[in-house]
Number of protein chains: 2
Amino acid sequence: MKISELSRRSGVSIPTIKYYLRDGLLPQGQATAANQAEYGEEHLRRLRLIRTLVGVRRLSVSAVKEILGAITEEGDLHQIFGIVTDARPATKLKKQAKEEETAEGDTPGVADARRLITEMGWEVSPGTAAIQTLGDVLDALADVDAGIGWQSLLPYARLTDRMSELDVKQMNGASGLLELAERAVLVSVLLEPALLALRRLAQEDKSARLFSGTPE
Amino acid sequence: MKISELSRRSGVSIPTIKYYLRDGLLPQGQATAANQAEYGEEHLRRLRLIRTLVGVRRLSVSAVKEILGAITEEGDLHQIFGIVTDARPATKLKKQAKEEETAEGDTPGVADARRLITEMGWEVSPGTAAIQTLGDVLDALADVDAGIGWQSLLPYARLTDRMSELDVKQMNGASGLLELAERAVLVSVLLEPALLALRRLAQEDKSARLFSGTPE
DNA sequence: GATAACGGATCGCGCTACTATCCATTATGA
DNA sequence: TCATAATGGATAGTAGCGCGATCCGTTATC
């Protein structure tokens, strides 16, 4: 398959494919001459996966690159889950705002996040990016004085614990290791917007029953 | 309070504050002269909320603007929830990819999303953006042949249903209507990255127990 | 043997979220 | 009182991201 066919079958323009090739998102095809290369079905699968993560999940190209790197390097599924978990969604902000940003120790929020993890009995690697994310949110909640602390998140944590059991159940039925890894990415990453959408729908349903038509 | 004090107390640079004022994210201060204006505590609160949504939740400035508009316009809490739910997180993609994008009817995924909502007994306005989001994910799952359909999402939906009950419980204790609306935004929007982080931590825990050290 | 497609590289573009600079005006303090 | 600094308002510039457009010399195709 040449690049034009790859473009037609994937619906991705040739300049975009070239861009992904340059950036290392998509592996180079088998070169047959100085200016000819052959692409296979794996390239098509890859390309579809990339477009799904970028288009639907709205990950940055660099984040997708990290995830694809994790898939490609051989490793057990737990390692893949770990790297996928660590993949950062977007760019960071500048400094300013607070000194805590540059401090080398844990922020109060991160300490609370670790408390929550201990309370749940979860065993996770202590440097996971998710801990930082959770800590950032707890810091922000404290900053705006929302009255929502880590204990308030415990019931949420119990629900996500059950969710993750569903997640690992979705992993059955994949054949090869590569396919299993791709499936892990889909379940872990692509389901995220779906879960948020489900929560918002459920919120709308609940808020209709409780708050509608009852202004101050 | 003048702009320099607002900047110091919020940690946001003066040019950025000016930018938010221009963009209508932050209401203008009370003008006391041609080149003097007075800002109050509400401006400080607003600014902190903006920085939280942009910095922690990583919403785009335009999305934050929509949400703040929803807060400010008087309305019942259910309306606010609805508008917050509809607020789009990022920019759209170009066309191409599939013809379904431009089709005016529902995609198969959106139809499935509506089936799921019916099955859950949820009552939501039929034009909610969350339905589209959910449909997009279902379409993407079908495209990559993941074997995950709307029925697979039912157990997830039941968990998010319980989550939303927690969410509305968090709404207690706010005094004014404005404060209630801000709280709704925090619970609905700011908790999203926290929930994803919790799910990832739980996934790492579960995958460690099930998959670690068992390569092909 | 003309034409089209190929790969590879470079340049440019539209968008976002700011940042920097300039300006005339107004507060501030020795 | 008068130099200095800060203010609001406007305009212009910036960095990064995700591509698209174009040129190039080479190679398949009819």
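Below, chain A is the first sequence line, B the second, and so on; all start at residue 1.
Residues of residues 31-42 of chain A that place a heavy atom closer than 4.0 Å to DNA chain C, in numerical order, are A/A34, A/N35, A/Q36, A/A37, A/Y39.
For A/L26 and D/dG18, the CG to P distance is 16 Å, given to the nearest whole Å. Here the P atom of nucleotide C/dA17 and the CG atom of B/L21 are 17 Å apart, to the nearest Å. Atoms CG (B/L59) and C1' (C/dA17) sit 14 Å apart, rounded to a whole Å. Whole-Å rounding puts the B/Y20 OH to D/dG8 C1' distance at 19 Å. Rounding to whole angstrom units, CZ of residue B/R22 and P of D/dA12 are separated by 12 Å. Remark: C1' of C/dG7 and CE of A/M1 are 17 Å apart, rounded to the nearest angstrom. The CD1 atom of B/I50 sits 17 Å away from the P atom of C/dT16 (whole-angstrom rounding). The CD1 atom of B/I3 sits 10 Å away from the C1' atom of D/dG9 (whole-angstrom rounding).
Residues that satisfy the salt bridge (charged side-chain N to carboxylate O under 4.0 Å, His left out) test with A/R46, not counting sequence neighbours, are absent from this structure. Taking the salt bridge (charged side-chain N to carboxylate O under 4.0 Å, His left out) definition, one finds that A/R115 meets it with A/D112, sequence neighbours left out. Annotation: side chain to side chain contact (heavy atoms under 4.5 Å, CB included) contacts of A/Q36 (sequence neighbours excluded): A/K2, A/T32, A/A33.
Here OG1 of A/T160 is found 10.5 Å from CG of B/D205. Values are rounded to the nearest 0.5 Å. Here CG of B/L195 is found 8.0 Å from CE of A/M163. Values are rounded to the nearest 0.5 Å.
The backbone N or O of B/V185 lies less than 3.5 Å from no partner atom in the side chain of B/S188, so there is not a single donor-acceptor pair. The backbone N or O of B/S125 lies less than 3.5 Å from a partner atom in the side chain of A/E204, making a donor-acceptor pair. The main-chain N or O of A/V110 is found under 3.5 Å from a side-chain atom of A/T107 such that the two form a donor-acceptor pair.
Considering only side-chain atoms of B/P15, the nucleotide from C/dG8, D/dG18, C/dA20 that sits closest is C/dA20. Checked against C/dG8, D/dC19, C/dT19, the side chain of A/R51 finds its nearest nucleotide in D/dC19. Relative to the side chain of A/I14, the nucleotides C/dC6, D/dC19, C/dG8 differ in distance, and C/dC6 lies closest. Looking at the side chain of A/T16, the nearest of the listed nucleotides D/dG20, C/dC6, C/dA17 is D/dG20.
Under the 4.5 Å side-chain criterion, counting only non-hydrogen atoms from C-beta, B/R199 is in contact with A/L191.
For B/S13, no side-chain nitrogen or oxygen approaches OP1 or OP2 of C/dC18 to under 4.0 Å. One finds a side-chain N or O of B/S4 lying less than 4.0 angstrom from the OP1 or OP2 phosphate oxygen of D/dT7.
Nucleic acid contact class of A/Q28 (heavy atoms, under 4.0 Å, all strands): sugar-phosphate only.
Listed by first and then second residue, the ring pair (Phe, Tyr, Trp, His ring centres under 6.0 Å) pairs involving residues 25-55 of chain A are A/Y39-A/H43 (not counting sequence neighbours).
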Would you tabulate the nitrogen or oxygen pairs shorter than 3.5 Å linking the protein to nucleotides 28-30 of chain C?
unit_1	atom_1	unit_2	atom_2	d
C/dT28	OP1	B/K2	NZ	3.4

